[in-house]
Structure formats: structure tokens, C-alpha cells
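These numbers were taken from a predicted model, which means no experiment stands behind them.
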Amino acid sequence: MTDAYASLQSHYLTFLLGEDLYAITLGAVKDIRASGAVQPLREVPGYVVGRLEHALGPTPLVDLRRRIGLPAQSAGGPPVTVVLERAGQRLAMLADAVAEVVDLGLPDEPATASDEPDARAELAWLKGAAAAGERMVLVLDPDQLILPADRSAVYTAMAANTTAQAA
């Protein structure tokens, strides 16, 4: 591994949810776009707001505010959609705004995906915290934005939605 490659592994996209700054590994980010049309999905957790049509294929859309227990956005512009891909799995997430790319000095170490229940499931989305200049950043775990216990329901609903559209 080259030093340049190793350096890029510690780069994160930062974004806002309210006044708080969050980050997600840059290597997982495939696209950033304005919010688009979303098709609702049946029988999925409330934080999965639907299916987004994307050039990479149909993608489940996670409302980060709902996922991490924040209230709905009360003012401001429309949310931004960040499309992620990790270990062959795609998902999109809604953020209030995208900030910048920063080097947090934290290497991206993908979690080994597991469908086993996690004792800290309510905080599984949180990988850690770091300093970005003068601000504290909460680092998200892209592998935990859809809870392992919810994955089966989400991907079953995605498949059913695709089948219904083809009919």
C-alpha cells in the first residue's frame, strides 16, 4: 500500500444534521445529489423511507435523523442524498447539508457484517468521534446504518417493490 493510498483511507465526507457535524468514510461515497423521487417500501423500519432510483440501481434510502433519533428538520433547504456502496451493498442516506472532505487521521476499517444482535444496537451507527479542526465530528459506521436485524426486511421489500414495478 502506498503512502498516498493510506492517506486517502483516512479521508471522510462531513455533513450536517442540524448544528452537529457527522462524517462517513469517503471510500464508501459513490454520489451526492439533491433529493429525488422516492418510492415507499412496505414493512420496513421507520428510518428506511423508501427506495431511491439511482444509476447504480435501486437503493434503500435511510433518513439519518430518524435512524439516530433526532427530530425532523424544522427549517432550511431540502435534504441532500448521499449514496454509499460498501462490500457490494448500496444505500442512500439523507443529510441536511454536505460540508467538506477532511482527513481525520482514522483509518477506514470496515466492520465484518454480521446479522447477530448487537448489545449496543441503538448506537451501532456510531463508529467514534474525532476532531476536525475546532469541531468535534461524530463518525458514522456505514455498515450499521441499516441494523442487521432490519436488513432482511429491507432487502425483501426492495425485491418485492422491483417485482411489482416489473409487473
Verdict with supporting geometry, V62 and Y47, side chain to side chain contact (heavy atoms under 4.5 Å, CB included): CA-CA 6 Å; V62 172; Y47 65 87; 3.9 Å; yes
Point-to-point distance, once rounded to the nearest 0.5 Å, from CG of L16 to CG of L64: 12.0 Å
Nearest heavy atoms of T81 and A92, plus distance in Å: CG2-CB, 3.8 Å
Pairwise side-chain contact, L104 with S10, heavy-atom cut-off 4.5 Å (strictly under): no
Side-chain heavy-atom pair D20, M136 within 4.5 angstrom cut-off: no
Residue pair A95 / F15: nearest heavy atoms and the distance that separates them: CB-CD1, 3.5 Å
V29-L52 co-clustered via ILVMFWY side chain contacts under 4.5 Å: no
Y22: which of D96, L138, L13 passes side-chain contact (heavy atoms from CB on, under 4.5 Å): L138
Spacing of M158 atom CE and L41 atom CG [to the nearest 0.5 Å]: 6.5 Å
Co-membership, hydrophobic cluster, residues L70 and V49, 4.5 Å side-chain: no
Side-chain donor/acceptor of R90 to backbone N/O of L84, under 3.5 Å: no
Interatomic spacing from CD1 in I68 to CG in L123 - rounded to 0.5 Å: 10.0 Å
Steps toward side chain to side chain contact (heavy atoms under 4.5 Å, CB included) verdict (L91, Q89): CA-CA 7 Å; L91 71 93; Q89 297 290 318; over 6 Å; no
Contact check, side chains of Q144 and K127, non-hydrogen atoms, under 4.5 Å: no
Derivation and outcome, salt bridge (Lys or Arg N to Asp or Glu O under 4.0 Å), residues R65 and D63: CA-CA 5 Å; R65 285 180 162 278; D63 182 331; 5.9 Å; no
R135 side chain reached by T14 side chain, heavy atoms, under 4.5 Å: no
Atom pair CD (E53) and CD (Q39), whose distance is rounded to the nearest 0.5 Å: 5.0 Å
Shortest non-hydrogen contact from V44 toward A153: CG1-O, 4.0 Å
pair Y155-I146: side-chain heavy atoms closer than 4.5 Å: yes
same_hphob_cluster(L61, I32) at 4.5 Å side-chain heavy-atom cutoff: no
Side chains of D150 and V48 in contact at under 4.5 Å (non-hydrogen atoms): no
Hydrophobic cluster membership, L94 vs L147, 4.5 Å side-chain cutoff: no
Close side-chain approach of E85 to T59, heavy-atom, < 4.5 Å: no
Nearest-0.5 Å distance that lies between atom OH in Y12 and atom CG in D103: 9.5 Å
CA sep, side-chain torsions, deciding dist, call: R86, D143, side chain to side chain contact (heavy atoms under 4.5 Å, CB included): CA-CA 7 Å; R86 181 96 150 182; D143 301 315; 3.1 Å; yes
Backbone of L145 reached by a side-chain donor or acceptor of R67 within 3.5 Å: yes
Min side-chain heavy-atom separation V139-T25 under 4.5 Å: no
L56 reachable from V80 in the ILVMFWY side-chain graph, under 4.5 Å edges: no
